[in-house]
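Here is the structure we will look at.
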Amino acid sequence: MIGLILCMLVIFVVLLVWLVVGLAVKRFSKMQRGRCVITTFAVAAILILAFADEIIGGYQFRGLCRADAGLEVDVKKINGKIISSITTPVGEYMTNTAIPIRYSHTSYRDKETNEELASANSYVAESGWLLRAIAMGHSVPPLLVQPSTCSGPGNLPLAKRFNFIYQE
């Protein structure tokens, strides 16, 4: 439901920008024939600038996911063990990214020895400044970065796949 409302608000903002730019071009442009072209290019430039952080942040997010997200498992050691997991940091925001990106690292440890036998990194991208402004500061997924999450599998599929017992 929130996604639908946000889409409607974005469409409204785009139409409003189109109207304002069109009126400004009509008022200040001496050319009669080029007004539509000028308006179209001006609106396109404004929209590209409005979503530039999501475009750049999308490249950063995909790079992080390719390089660091996913799962590392010591398959020989984890088999048959009783495992607990510790996630740190939980959804901490990364620095130096164009859009807010949260990071979490989950460590799967042997209950007896506390040895790390598996680990997974996950990332969650949030929207750029325009959607956050429209949503009045609420955290919403980005429009241009899909999927907006990348992570390893959950605890239960992991336990089944690598034959260990998961306990909190």
Side-chain angles (χ1 to χ4, degrees), residues 1-14 17 44-168:
M1 184 68 175
I2 291 175
L4 179 64
I5 293 170
L6 278 177
C7 284
M8 289 172 33
L9 284 172
V10 167
I11 290 169
F12 175 74
V13 168
V14 168
V17 166
I46 289 169
L47 289 176
I48 288 171
L49 289 175
F51 286 102
D53 59 342
E54 279 199 24
I55 295 167
I56 294 166
Y59 283 109
Q60 293 172 328
F61 177 74
R62 285 185 285 281
L64 285 168
C65 289
R66 251 191 321 275
D68 198 33
L71 177 68
E72 292 181 20
V73 179
D74 188 335
V75 178
K76 292 178 183 174
K77 287 185 178 180
I78 204 167
N79 190 9
K81 299 282 185 171
I82 298 175
I83 302 293
S84 63
S85 68
I86 301 167
T87 301
T88 54
V90 178
E92 184 174 290
Y93 285 100
M94 300 187 70
T95 57
N96 301 322
T97 57
I99 57 175
I101 298 175
R102 289 183 283 135
Y103 164 76
S104 296
H105 174 80
T106 303
S107 177
Y108 296 92
R109 298 185 171 273
D110 185 334
K111 274 278 216 192
E112 291 178 14
T113 65
N114 203 32
E115 178 185 9
E116 183 177 87
L117 301 177
S119 66
N121 294 321
S122 63
Y123 297 93
V124 177
E126 295 179 5
S127 63
W129 71 269
L130 179 63
L131 283 182
R132 283 196 314 274
I134 291 172
M136 294 177 221
H138 289 80
S139 174
V140 292
L143 281 180
L144 304 178
V145 181
Q146 296 299 327
S148 60
T149 62
C150 61
S151 61
N155 297 331
L156 296 177
L158 247 177
K160 192 178 230 181
R161 182 173 169 195
F162 294 106
N163 192 32
F164 66 84
I165 299 167
Y166 177 76
Q167 289 183 350
E168 299 221 12

(request) Taking side chain to side chain donor-acceptor pair (under 3.5 Å) as the test, write out the residues that go with Ser107, two or more places apart. (result) Arg109, Glu116
(request) Give a yes or no on whether Tyr59 atom OH has more than 12 heavy-atom contacts from other residues, nucleotides or ligands under 6.0 Å away. (result) no
(request) Evaluate whether atom CD of Gln146 has more than 12 neighbouring non-hydrogen atoms of other residues, nucleotides or ligands under 6.0 angstrom away. (result) yes
(request) Return the minimal non-hydrogen interatomic distance between Pro100 and Ser127, and the atom names on each side. (result) CD-O, 3.4 Å
(message) Is there a side-chain contact between Ile78 and Val73 in this structure, where contact means two heavy atoms from C-beta onward sitting under 4.5 Å apart?
(response) yes
(request) Go through the structure and list residues passing side chain to side chain donor-acceptor pair (under 3.5 Å) with Glu72, not counting sequence neighbours. (result) none
(request) Could you pull out all residues at least two apart from Asp68 that satisfy side chain to side chain donor-acceptor pair (under 3.5 Å)? (result) Asn121, Tyr123
(message) Going by side chain to side chain donor-acceptor pair (under 3.5 Å), name the residues that satisfy it together with Glu54, two or more places apart in sequence or in a different chain.
(response) none
(message) Let me confirm one number: the CZ-SG distance from Phe61 to Cys150, rounded to the nearest 0.5 Å.
(response) 4.0 Å
(message) Is there a side-chain contact between Thr106 and Ile86 in this structure, where contact means two heavy atoms from C-beta onward sitting under 4.5 Å apart?
(response) no
(message) Less than 4.5 Å apart, side chain to side chain, heavy atoms only: is that true for Leu117 and Lys81?
(response) yes
(message) Can you confirm whether Tyr103 sits close enough to Ser122 that some side-chain heavy atom of one is under 4.5 Å from a side-chain heavy atom of the other?
(response) no
(message) Taking side chain to side chain contact (heavy atoms under 4.5 Å, CB included) as the definition, give me every residue that meets it alongside Gln60, ordered by chain and number, with sequence neighbours left out.
(response) Ile56, Thr97, Ala98
(request) Could you list all the salt bridge (Lys or Arg N to Asp or Glu O under 4.0 Å) pairs where at least one residue sits in residues 87-97, not counting sequence neighbours? (result) none
(message) Side chains of Asp110 and Ile82, heavy atoms from C-beta outward: is any pair under 4.5 Å?
(response) no
(request) Working to the nearest 0.5 Å, report the span between CE of Met94 and CD1 of Ile99. (result) 11.5 Å
(request) Would you indicate whether the side-chain heavy atoms of Ser84 and Tyr108 approach each other to under 4.5 Å? (result) no
